[in-house]
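Step one of this worksheet: look at the structure below.
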Amino acid sequence: MADKSEAERGEDAKVAISPSIPFGNDTVWADVSSLFRLACNVRPEVTIKGTSIMIVKGGDERDCAIIHIAWIMEISERFSASMFLVSIPSPSFKTHSSTFRNAVTLMFFLITYKTTAKNIHCCNLATDLRTDELISGENFNLFAAMSALEIMDPKMDSGIVSTYYSVDEAIDSGAAPIPLSFDGTVDIQRVIDIMDHLLACEATWHKGGSLAQTVFSCIYLLRPERTSSHALLHSFCRVIRTTCNTVVSAVSDARTNEEEDLFTMAYGLPLKVDGDDKCLSILHAVEETISRQLKACKAPLSKRKVLEDVEPLQTNLDLEEGFCKAVLCRLRFRKHLYHVVTCMRRPQGKGLELAKKHIISCLCELDSMLKSAEFLRDHCACGTLEDGVEDKTTASGCQPIGFDSTLNSRSAAPTPPRAIKLLSWTKAVNYFQKLLHDLDIICSYSLDPVFEGALRFVVDFQKFQPDLVARAYIQLLLVQEGKLYGREPMFAVICRAALLPEGAKNHDVQKNETVGQLGQLLISLLRVLCTNTAWQRRKLGKILQDWRIIYVQSVAGIAGIAGIAGLILWVLELAFRKEFGDITNTSTDQNLCLKICKHILIWVEEQTYWIALRFLVLGFELELYSTSEYCMVYWYIYVILIKLAEKTHLKMMLSNDSSRRKSKKKRDFVKDMGKDYQIPPAVLLLQCYIYIAEGLMMMLASLRNENKIFLCLGPFNTEQERFIQHFELLQKACLPDHASYFSFRETTAHARFSTLSEYNCFKDAQRMAKELRGNFANDPERMAELRRIEQVAEHNCVALNLLCRLGTLEPSLKISFEFIHHPHFAVAAVKRS
């Protein structure tokens with residue numbers, strides 16, 4: 001052991017030989033004080049004894065850290081000069097000093113040494129090791145080094161020092177007293193603070209926090225038996241625990257959370273406790289008691305004698321009414337919220353109407369909670385607040401008792417050690433208001449049995465940017481027991497989407513393996529559309545290949561049913577219709593099975609292009625495209641829209657063909673062949689999108705060709721490489737056939753403003769959108785979409801006319817593309833700088 005004077009003089013400290021190092025009379029001399037001095041920015045006193053290093057700063061025992069050296073690499077005597085490493089993987093110390101926490105983050109020391117006859121002299125490697133040099137050994141590699149560095153890192157080390165080592169220690173230390181205070185007024189103030197802080201914890205958990213670090217940082221929830229003597233706190237803890245368990249179950253069943261999401265991890269926490277199924281009855285009893293107390297304090301003097309037997313909520317009668325109102329609105333909010341999350345889990349949407357009523361009650365109680373905040377701040381137990389209440393987790397602004405976010409880091413191993421920032425109480429209230437509004441939209445849905453209606457509802461719902469819980473409940477509504485809303489079998493949904501007759505859903509073709517796989521793909525699509533935008537886009541890109549495979553299998557199925565001759569006949573028929581617009585059916589004797597397969601095949605192709613379109617437009621919402629890439633993106637959207645409109649039109653043609661054959665005699669049917677066929681409004685709406693996409697593509701191409709702006713130039717990726725990066729998944733699925741970078745270049749290479757001035761796509765889109773208003777007069781969402789299309793077309797038309805008139809842009813003119821009217825179609829803005 002080296003004495004203190006040696007360390008102070010900066011001389012080498014002697015360390016006893018480790019058994020792993022050749023021993024004998026030789027000794028190891030090491031000076032590590034300079035390393036700690038670099039880390040601490042002080043000169044600590046260093047004492048080395050055996051295999052431990054003790055650091056003492058200023059003689060204060062609280063600032064003492066004992067670091068156990070785990071192992072020392074063996075020294076090879078075959079070399080006259082080598083290196084060895086001291087690793088510190090698991091320190092066992094307790095300190096509140098940030099200086100020493102920083103010091104021990106230097107997890108290992110690299111020391112060079114020289115071998116002599118009697119001893120080994122070590123020097124500080126900091127002066128010998130050059131930049132970018134890495135020391136590795138047979139039993140120590142980069143992974144081990146990185147793991148060592150994680151120790152004592154507050155973001156990574158779950159064993160880092162916390163206030164309490166266990167729940168029992170926290171309780172024994174008085175962190176969660178029962179009662180909360182012997183003063184009744186202080187007691188009720190503290191209970192309200194706990195209620196508010198739990199609301200902030202719950203909202204933070206919903207937004208992605210860990211359950212162990214948010215809601216279950218409450219010691220009263222971790223030891224539910226302790227609150228039995230405090231009726232108010234006991235009933236509140238029971239209902240919030242049961243609500244959390246219900247929400248965890250809903251999100252787990254829906255699987256709308258990402259794989260690494262912490263939301264559903266329970267960490268062995270007491271989410272289920274005996275008697276929680278009676279939480280509402282207990283809460284109702286407490287609510288009735290406080291309601292009587294409120295009624296008593298509001299009663300006139302003549303009636304108060306009758307109510308004298310009612311025990312007040314706290315000791316200060318002047319504050320009784322305010323505290324009763326504050327507690328009641330919080331209890332009633334918890335009660336109604338529990339009803340909402342349970343009613344919405346009822347099968348086949350049977351609880352939606354009741355849930356909607358409870359949502360209205362929840363919103364009313366949240367308003368009452370906000371109104372009570374001023375009263376609580378004026379009479380808070382912690383005195384006047386200097387910092388304000390904007391970032392406080394309680395309405396009163398006081399710090400609640402009975403919480404420790406680090407408490408579960410030792411009792412629950414998977415608990416992340418990273419400290420999280422809780423939402424403020426005001427933000428938590430705002431979160432629940434938005435959540436309830438989102439759930440109200442779900443409850444107001446009419447459960448449209450048409451698959452297209454369900455898709456539109458989910459896509460429109462995602463525009464409100466719902467959080468995880470709302471997205472979980474919409475998925476649970478859409479898909480139940482492998483059926484749409486738990487009512488409609490998937491084959492019946494497919495037949496209705498493919499515009500087949502009602503009797504087709506009972507056909508034996510549903511037993512076909514490919515049809516069964518198609519039903520599973522439909523369920524997967526609905527679930528994917530309920531996820532967050534980023535995850536949704538990734539999953540949509542991956543399932544495109546599955547839909548393309550199903551299409552190929554469907555073609556093979558038709559060939560098996562009708563034979564090759566029947567398949568060829570049908571293909572020729574479709575080609576004839578495309579060329580001449582004839583809607584007659586040249587193969588009237590085909591059986592029902594072939595007819596079902598044909599309709600489903602066209603619908604599968606239509607749906608595949610819809611998924612591809614959704615995949616492309618989500619890139620705008622996620623801001624994945626740069627302005628220089630808009631041209632290629634709108635080109636791809638343009639070609640996808642053309643195929644989607646074609647398949648949608650073909651599907652409707654087949655449906656109209658079948659229905660008209662049933663309603664008319666053969667002679668009348670032949671007479672109608674010469675009449676003009678009216679294009680369905682849904683196809684015309686797609687045509688509006690086609691005009692807009694084509695106009696933007698050609699405008700951007702002209703700017704690139706004539707003005708040399710918005711070019712895909714960069715030091716890393718060529719334009720072709722960017723094209724592949726953005727559209728690789730579409731290319732793998734051959735969507736559409738023969739679409740490639742060279743097709744894009746061929747389409748846009750000769751674009752000029754002189755050509756665009758003669759054929760203005762934006763004018764056509766604006767005209768068609770106006771004409772379609774009458775067709776969608778009863779559809780508010782479609783009417784709003786038509787208005788957005790008109791605005792995009794109008795503004796782009798003005799910008800295009802200006803660009804055509806100017807020819808070459810002046811240096812003072814700047815052009816940009818903004819998404820001010822539509823989330824997916826940009827508007828060109830020409831401004832003078």
Side-chain angles (χ1 to χ4, degrees), residues 191-222 224 227 233-252 257 261-267 269-273 276 279-280 283 327 329-342 344 358-359 361-363 365-366 369-370 373 391-395 399-400 402-405 407-408 415-416 420-439 466-473:
V191 171
I192 294 173
D193 287 340
I194 290 174
M195 292 176 175
D196 289 345
H197 190 78
L198 279 172
L199 186 77
C201 287
E202 190 176 7
T204 307
W205 170 52
H206 284 194
K207 298 290 282 186
S210 159
L211 192 62
Q213 292 175 296
T214 52
V215 178
F216 278 86
S217 64
C218 180
I219 301 172
Y220 296 108
L221 284 173
L222 295 172
T227 59
L233 184 60
H234 186 66
S235 61
F236 190 86
C237 288
R238 275 193 180 278
V239 73
I240 198 170
R241 184 170 49 243
T242 310
T243 302
C244 289
N245 184 49
T246 305
V247 172
V248 167
S249 175
V251 175
S252 299
N257 59 311
D261 204 328
L262 301 174
F263 189 93
T264 57
M265 296 181 66
Y267 307 99
L269 298 169
L271 271 172
K272 294 181 180 180
V273 177
D276 279 355
C279 65
L280 284 182
L283 188 70
V327 172
C329 63
R330 285 159 173 79
L331 290 180
R332 287 168 178 167
F333 169 75
R334 299 306 325 182
K335 177 183 69 174
H336 291 300
L337 182 63
Y338 176 74
H339 278 300
V340 169
V341 297
T342 51
M344 292 188 70
H358 286 292
I359 287 172
S361 300
C362 276
L363 292 170
E365 299 304 334
L366 283 174
M369 289 166 61
L370 290 171
D391 296 327
K392 303 297 183 181
T393 58
T394 60
Q399 185 68 25
F403 290 86
D404 186 355
S405 61
L407 195 57
N408 293 308
T415 305
I420 62 173
K421 180 176 176 60
L422 295 176
L423 293 176
S424 67
W425 181 76
T426 304
K427 290 182 179 178
V429 172
N430 293 337
Y431 164 78
F432 276 102
Q433 287 176 331
K434 182 182 183 306
L435 172 64
L436 290 164
H437 283 301
D438 291 340
L439 296 179
D467 287 298
L468 176 61
V469 176
R471 287 188 278 106
Y473 274 98

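The basis for the numbers below is simple: all heavy atoms, side chains too, and nothing from hydrogens, waters or symmetry mates. For clarity, every value in this text was computed on a predicted model and none was experimentally measured. Along the sequence shown, residues are numbered consecutively beginning with 1.
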Problem set entry | Pair Val215-Leu269, side chain to side chain contact (heavy atoms under 4.5 Å, CB included): steps then yes or no | CA-CA 10 Å; Val215 178; Leu269 298 169; over 6 Å; no
For this session: Show the numbers, then the answer: is there a side chain to side chain contact (heavy atoms under 4.5 Å, CB included) between Trp205 and Leu423?
Result: CA-CA 10 Å; Trp205 170 52; Leu423 293 176; over 6 Å; no
Problem set entry | Lys434, NZ atom: more than 12 neighbouring heavy atoms under 6.0 Å | yes
For this session: Check each of Thr393, Thr394, Thr214 against His197 using the side chain to side chain donor-acceptor pair (under 3.5 Å) test, and report the only one that passes.
Result: Thr393
Seminar exercise, completed: Tightest non-hydrogen contact, residues Tyr220 and Gly402, listed as CE1-CA, 3.9 Å
Exercise. Residues in side-chain hydrogen bond (donor to acceptor under 3.5 Å, both in side chains) with Asp276, at least two apart?
Worked result: Arg238, Arg241
Seminar exercise, completed: Taken in chain and number order and not counting sequence neighbours, the residues that satisfy salt bridge (charged side-chain N to carboxylate O under 4.0 Å, His left out) with Lys272 are none
For this session: Starting at CG of Leu337, measure out to SG of Cys362 and round the result to the nearest 0.5 Å.
Result: 5.0 Å
Exercise. Quick one: CG on Leu222 to CG on Asp404, what's the gap to the nearest 0.5 Å?
Worked result: 10.0 Å
Seminar exercise, completed: By side-chain hydrogen bond (donor to acceptor under 3.5 Å, both in side chains), Asp193 pairs with (sequence neighbours left out) Ser396
For this session: Give, for atom CG of Leu468 and atom NZ of Lys207, the distance between the pair rounded to the nearest 0.5 Å.
Result: 10.5 Å
Seminar exercise, completed: The side-chain hydrogen bond (donor to acceptor under 3.5 Å, both in side chains) partners of Thr227 (sequence neighbours excluded) come to His234
Seminar exercise, completed: d(Phe432 CZ, Leu366 CG) to nearest 0.5 Å is 8.5 Å
Problem set entry | Short N-O contact, Asp438 and Arg471, less than 4.0 angstrom | no
Exercise. Considering only heavy atoms from C-beta outward, does the side chain of Phe216 approach that of Leu271 to under 4.5 Å?
Worked result: yes
Exercise. Are any side-chain N or O atoms of Thr243 and backbone N or O atoms of Val239, one a donor and one an acceptor, separated by less than 3.5 Å?
Worked result: yes
Problem set entry | Closest non-hydrogen atom pair between Leu439 and Ala470, with its separation | CD2-CA, 4.0 Å
Problem set entry | Contact summary for Phe403 and Cys218, nearest pair of heavy atoms | CE2-CB, 3.4 Å
Problem set entry | Distance in Å, Ser361 OG paired with Leu436 CG, rounded so as to fall on 0.5 Å steps | 10.5 Å
For this session: State, to 0.1 Å, how close Met369 and Trp425 come at their nearest heavy-atom pair, and which atoms those are.
Result: O-CH2, 3.4 Å
Exercise. Can you tell me how far the CE atom of Met195 sits from the CD1 atom of Ile240, to the nearest 0.5 Å?
Worked result: 9.5 Å
For this session: Under the side-chain hydrogen bond (donor to acceptor under 3.5 Å, both in side chains) rule, collect the residues that match up with Tyr431, sequence neighbours excluded.
Result: His206
For this session: Only counting residues at least two apart or in another chain, list the ones meeting salt bridge (charged side-chain N to carboxylate O under 4.0 Å, His left out) with Arg334.
Result: Glu202
